[in-house]
Every structure is written in structure tokens, then in C-alpha cells.
Asker: 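Quick one: the structure is below, questions incoming.
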Amino acid sequence: MPLITCRNATFAYEGIAAVRDVSFEVTRGDFLCIVGENGSGKSTLMKGLLGLHAPQSGTIEFGGGLRPTGIGYLPQQSAAQKDFPANVREVVLSGRLSSRGLRPFYTSFDRSEAERHMEELGIARLANRSYRELSGGQQQRVLLARALCATESLLLLDEPVAGLDPVATADLYRLIETIRKEQGVTIIMVSHDIRAAVQYGSHILHMHTTQLFYGTTAEYTSSPIGARFLTDTVHAPGNAPIKENVSEKKGGVENACGIG
Amino acid sequence: MLAVLGEMFTYTFMIRAIIVGLLVSLCAALLGVSLVLKRYSMIGDGLSHVGFGSLAIATALHAAPLLVSIPIVVLAAFLLLRLSSSSKIKGDAAIALISTSSLAIGVVVISMTTGMNTDVCNYLFGSILAMSKADVYLSIALGACVLILFVLFYHKILAVTFDETFARATGVPAGAYNMLIALLTALTITLGMRMMGALLISSLIVIPALTSMRLCKSFKTVTIMSAIVSAVCFYIGIVWSYLKATPTGASVVLVNIALFLVFSGTSIYIARRKVSA
């Protein structure tokens with residue numbers, strides 16, 4: 001049974017459709033990458049999945065025990081967050097709120113869940129550090145731990161590597177891959193990084209207000225649209241394949257996540 | 001010195017001012033942490049100007065100041081929140097628009113009725129004599145409300161302040177919490193405004209939060225520290241103003257600023273030592 005079934009969903013702002021007639025399915029264990037240019041409706045579709053924006057027509061159905069509020073969301077960071085005075089434990093714990101309802105305080109189970117996820121992501125020793133003192137890669141790990149606290153089955157990642165250096169980027173992708181394989185967490189990633197999408201994703205949804213392509217990654221790379229998009233972006237600056245970037249790593253570059 | 005301080009507590013108006021002031025400082029500091037971090041600091045300033053306009057209208061109508069001010073300021077708070085989140089006029093411009101227009105309304109109303117006299121000065125810069133018995137009861141009720149709500153909703157306030165979208169996605173009604181914070185801010189400002197002054201009250205919201213953020217690293221310590229900083233600064237400020245006969249509001253602000261500088265200096269010193277170590 002699919003976790004999410006999206007049928008002919010259309011989302012509009014003030015009467016103008018930002019996403020038109022999109023249909024896809026996400027099954028347990030999938031890694032769906034939603035790709036497309038700026039303004040192609042990726043963010044709107046994501047808000048729709050999170051239940052923050054209601055579809056004008058069409059439906060989004062949740063199955064397999066997934067609630068709309070049970071999605072682990074990794075948002076893009078805002079400027080205000082980067083210097084926020086909260087420690088890592090406080091931020092990670094806030095992911096447990098979805099299961100709190102109106103109860104005001106966390107239980108010891110909530111706390112142990114937060115500790116477990118910090119352990120998994122290798123940030124347990126940062127638990128009492130202030131969020132604003134961490135590197136970009138470490139901050140992403142903290143937010144990922146928070147997202148894991150909010151879900152058992154599905155992570156929704158919004159441009160997870162935006163603003164990270166190549167080392168931290170490769171590191172984060174490895175981490176996501178580990179979470180998916182070892183914990184069986186399904187992943188939806190919204191990204192500009194088409195190379196990574198093809199490398200890690202099991203399915204691709206290519207958006208341009210409507211959906212240009214939806215299918216498996218293998219089908220995508222051999223389709224005309226996929227082939228064109230891939231060759232267009234390979235040589236563009238900033239989109240070099242991750243592996244090459246990693247090999248450029250200088251001896252003195254510190255592991256951005258602080259984890260060996 | 002001690003005799004003078006003892007004498008201070010024999011005046012009813014001083015006791016009232018201290019009770020109301022301490023409670024307002026406490027509420028303002030707690031709410032301020034969230035407002036400053038959400039980049040809403042100017043809302044406090046905008047609301048105090050609205051408060052000035054509503055006080056002028058209340059005086060003109062010979063009505064009880066709080067009865068007129070509270071509904072108007074609460075309404076303005078909701079309006080500001082609505083404007084700053086979803087409108088063609090951006091947040092900071094919306095606040096400038098509302099605060100200057102209510103200041104203008106206030107000045108015109110005053111000059112048409114009582115004339116520009118010491119009343120205006122008292123509204124703008126505060127007067128320690130302004131606190132009535134009703135204000136004392138109201139501030140105790142408000143203080144209790146803010147403290148209880150803050151403790152009960154602490155984790156949700158942290159979540160909504162840190163990341164509103166994430167909080168919404170996990171089913172926390174972020175809009176309702178924003179409204180709650182705006183409502184409590186409006187009440188705090190209206191209550192503290194006549195003593196601290198319309199032009200100075202927003203300092204109680206902004207400065208203690210900024211001060212504690214210099215040194216504290218977690219949300220919990222920032223919140224507790226700003227409550228302590230705010231209460232201590234108010235007390236030192238009011239004693240100083242009593243001893244030296246300086247305006248209360250301005251004295252409290254100056255003490256706050258002094259402590260802010262001390263905290264900033266300490267944080268720079270700590271950072272330097274870390275680098276050299």
C-alpha cells in the first residue's frame with residue numbers, strides 16, 4: 001500500500017496554478033527526487049504534501065499508517081535560525097511535538113527518542129552545544145535528527161544540501177542513504193542537484209508546473225527529457241559531480257560535520 | 001541610604017509602581033525573547049504608539065484609559081501580525097505606517113481637547129504617579145496569565161519561534177500561538193506604557209532578550225536570564241530614579257543598556273580568550 005498517492009493535484013495561488021495536474025505514488029522504501037528549475041512548483045507541491053496548502057482540485061491520500069502530520073520535514077534554513085540561541089537537544093526534542101498534542105511537557109520516552117536520533121546521526125556529543133555555534137553541516141544533522149523525531153516512516157527533505165560545502169554535501173547524502181537503508185525510512189527530496197537525484201534516487205518527478213516526467217531513475221536517464229536535463233547541467237558551474245568535488249578535498253580541510 | 005530606601009516603601013504610589021513595574025518587566029522579557037527571535041521587535045514599538053493614540057482618545061472622552069486602550073491595542077496587534085505575514089505592505093513598513101498614524105491621531109486629539117501640556121509629556125515618557133489600584137490588580141492578573149501560559153506552552157513557543165513551517169507541518173497551530181503572543185504583548189504594553197512612556201516601553205521587550213542572548217546558549221537559559229535581567233534592571237532603575245529624581249522610564253532603560261554593554265563586553269572577552277587559548 002502506497003504511503004502517499006497524489007492524483008491529478010492542482011495547487012493555485014490567487015487563481016494562478018503553481019502546480020497543475022500532478023500524479024505520483026510513494027511506496028515504502030522509495031527515494032523520490034522532485035527536480036525542476038526555480039519556480040517550477042516544487043515548493044508548492046511540497047507544502048501540499050505537508051498539508052500547509054490545500055489542493056484546488058485532485059487529491060493527496062495518505063496510507064500505510066502515515067498521517068499528514070507524521071512526515072519528518074527538513075526545511076531550508078532561514079537567516080533567523082542560523083543564530084538562534086537554543087541548544088542541540090532543545091531543537092531535536094521539538095521534533096517530538098507532533099505526537100504531544102495538547103500535553104504541555106515531554107515524557108521520558110520523548111527524551112530517549114531524541115537521544116537515540118542524536119546518537120544515530122553522530123551529534124550526541126554536541127547535545128549541549130548552542131545551535132548557532134555549529135557548522136552548516138552540523139546544523140543540517142541537527143535538523144535531520146529533529147525530522148526523524150517527528151516521523152517513523154517518511155522524510156521530506158527540502159534542498160538539504162543548499163549552502164553546504166562539497167565535503168559536507170557528500171557526507172549528508174551518505175547519511176540520508178544510511179537512514180533509508182538501515183531504518184527503512186522512505187525519502188522524498190526536493191532538489192536542484194540533478195546529479196545527486198540520479199545517483200541516489202529510486203524515482204524522479206521532474207516538475208515544470210505540470211509534471212514533465214515521473215518514473216524510475218533508470219527510465220528517467222534514458223528518456224529524452226532526462227537526457228537533455230542531465231547534459232545541460234553537467235557542465236554548469238556548481239553542478240559538478242559530487243565524487244569529483246570530494247576528490248578535490250585538500251588535506252587540511254576539516255570534516256565539516258566533525259565526524260570521522 | 002537604607003533610611004531613604006525604607007522611606008521609599010512608605011509611599012503608596014511607589015509600592016504600586018514597583019509591583020506593576022516588576023510584573024510588566026517580567027512579562028515583557030518573556031514575550032520579548034520570542035518576539036526578538038522572530039524578528040518582530042518593532043511590533044512592540046508600533047503597539048506603544050498605538051497605545052499613545054488610544055490614551056489621547058480616552059482622555060478626550062473622559063473614559064478609563066485602560067478600557068479604551070486595551071481593545072484598540074489588541075486589535076492593532078492582530079492587524080500587525082496579519083499585515084506582516086501576508087500582504088503587499090511588508091512588515092516593517094506596516095509598523096511604521098500604523099505607529100506614525102496613531103501618533104498623529106493622538107497629537108491632534110490632545111491639541112484639540114486639553115492642549116499640548118504636561119499630559120503629553122507624561123504619555124510619551126511615562127509617569128510614576130500614573131498607577132492606580134486597578135492597575136495593580138490588572139498587572140497581577142496579567143503577570144500570572146503570562147507566566148502560566150508561558151510555562152504550559154513553553155515547548156510549543158520554542159518550536160514556533162525556531163521554525164514556524166516545521167511546527168505547522170507537525171500539526172502545531174502556529175497561527176494561534178502567534179496570536180496568543182501578540183495578545184499578551186498588547187496587554188503588557190498597554191499596562192506598562194503609562195509608567196514607562198509610550199516611546200520607551202518597547203525597550204523592556206527588546207533589551208533584556210538581547211542582553212541575555214549575549215551570554216546564554218540555550219533557549220531555556222536565555223528565557224530565564226532575560227526575566228531576571230529585566231526585573232533586576234527595573235528595580236535598580238526605579239530606586240535610582242527615586243534617589244536622584246530622574247524620570248523612571250528613562251532610568252530603567254539606561255540601566256538595561258548598561259547591563260547590555262556589560263554582557264556584550266563579557267561575551268567578547270570570552271570569545272577572545274577562547275581564540276587565544
Side-chain angles (χ1 to χ4, degrees), chain A residues 13-14 43 46-53 67-106 110 127-134 142-143 146-147 149-151 154 156 158, chain B residues 32-41 85-88 91 147-177 208-226 263 267 270-271 274:
Chain A
Y13 286 108
E14 292 169 2
S43 312
M46 197 186 60
K47 283 194 182 124
L49 291 175
L50 289 169
L52 302 176
H53 196 69
R67 292 164 296 118
T69 54
I71 295 178
Y73 175 44
L74 178 73
Q76 293 192 53
Q77 285 197 58
S78 67
Q81 269 169 30
K82 290 210 159 90
D83 56 19
F84 197 91
N87 67 27
V88 168
R89 183 176 282 116
E90 287 177 322
V91 174
V92 174
L93 251 179
S94 72
R96 296 290 307 165
L97 272 184
S98 60
S99 53
R100 287 289 71 216
L102 275 174
R103 283 166 295 180
F105 306 110
Y106 295 117
D110 292 323
N128 291 319
R129 287 275 300 279
S130 192
Y131 181 78
R132 61 184 168 184
E133 292 171 353
L134 306 181
V142 173
L143 297 186
R146 178 183 66 163
C149 275
T151 190
L154 184 97
L156 179 55
D158 184 9
Chain B
V33 173
S34 186
L35 290 172
V36 166
L37 286 169
K38 285 177 84 91
R39 305 292 193 261
Y40 281 169
S41 311
S85 61
S86 66
S87 165
K88 291 181 179 91
L147 274 178
I148 292 170
L149 288 174
F150 210 89
V151 170
L152 283 182
F153 294 124
Y154 168 80
H155 293 293
K156 275 147 191 143
I157 290 173
L158 164 60
V160 171
T161 308
F162 181 70
D163 193 338
E164 200 172 314
T165 324
F166 180 86
R168 270 179 212 276
T170 51
V172 176
Y177 288 99
L210 288 180
T211 304
S212 53
M213 276 175 219
R214 293 298 105 186
L215 288 182
C216 299
K217 300 193 168 189
S218 73
F219 195 73
K220 193 183 262 170
T221 49
V222 166
T223 309
I224 294 170
M225 180 64 97
S226 53
F263 272 55
S267 102
I270 291 174
K274 249 189 201 161

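Proteins come first, then strands; the chains are lettered A, B, ... in the order of their sequence lines, and each starts at number 1.
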Asker: Please walk me through it: do Leu35(B) and Ser41(B) pass side chain to side chain contact (heavy atoms under 4.5 Å, CB included)?
Answerer: CA-CA 6 Å; Leu35(B) 290 172; Ser41(B) 311; 5.8 Å; no
Asker: Identify which part of Arg146(A) has an atom lying under 4.5 Å from any heavy atom of chain B, answering side chain, backbone, both or neither.
Answerer: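 Backbone plus side chain of Arg146(A), per the 4.5 Å heavy-atom cut-off to chain B.
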Asker: I'd like to verify something: which residue of Val222(B), Val33(B), Leu152(B), Leu37(B) has the highest number of heavy-atom pairs under 4.5 Å with chain A?
Answerer: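 That would be Leu37(B).
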Asker: Checking heavy atoms, do the side chain of Lys156(B), its backbone, both or neither come under 4.5 Å from chain A?
Answerer: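 Contact with chain A: backbone and side chain both.
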Asker: Kindly indicate whether the side chain of Lys38(B), heavy atoms from C-beta on, has any atom under 4.5 Å from the side chain of Val160(B).
Answerer: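 Lys38(B) reaches Val160(B) side chain to side chain.
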Asker: Does any backbone or side-chain atom of Val91(A) lie under 4.5 Å from a heavy atom of chain B? Answer side chain, backbone, both or neither.
Answerer: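 For Val91(A), the contact with chain B is made by the side chain alone.
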Asker: Heavy-atom distances under 4.5 Å only: say whether Thr161(B) touches chain A with side chain, backbone, both or neither.
Answerer: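 Answer is both: backbone and side chain atoms of Thr161(B) are under 4.5 Å from chain A.
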Asker: Between Ser218(B) and Ala86(A) (side chain of the first, backbone of the second, donor and acceptor by atom type, cut-off under 3.5 Å), is there such a pair?
Answerer: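 Pair absent, no side-chain N/O of Ser218(B) close to backbone of Ala86(A).
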Asker: Picking from Thr165(B), Val151(B), Asp163(B), which has the most non-hydrogen pairs under 4.5 angstrom with chain A?
Answerer: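 It is Asp163(B).
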Asker: Relative to chain B, which segment of Gln77(A) carries a heavy atom at a distance below 4.5 Å: side chain, backbone, both, or neither?
Answerer: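 Neither; nothing under 4.5 Å.
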Asker: As a quick check of understanding, evaluate ring-ring contact (aromatic ring centres under 6.0 Å, His included) for Phe162(B) and Phe84(A), giving each step before the final call.
Answerer: CA-CA 7 Å; Phe162(B) 181 70; Phe84(A) 197 91; 5.0 Å; yes
Asker: So what's closer than 4.5 Å to chain A heavy atoms on Arg168(B): side chain, backbone, both or neither?
Answerer: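 The answer is both parts of Arg168(B).
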Asker: Compare all side-chain heavy atoms of Glu164(B) with those of Tyr177(B) and state whether any distance is below 4.5 angstrom.
Answerer: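 No, too far: nothing below the 4.5 Å cut-off.
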Asker: Are any of the side-chain heavy atoms of Phe166(B) and Leu143(A) separated by less than 4.5 Å?
Answerer: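 No, side chains not in contact.
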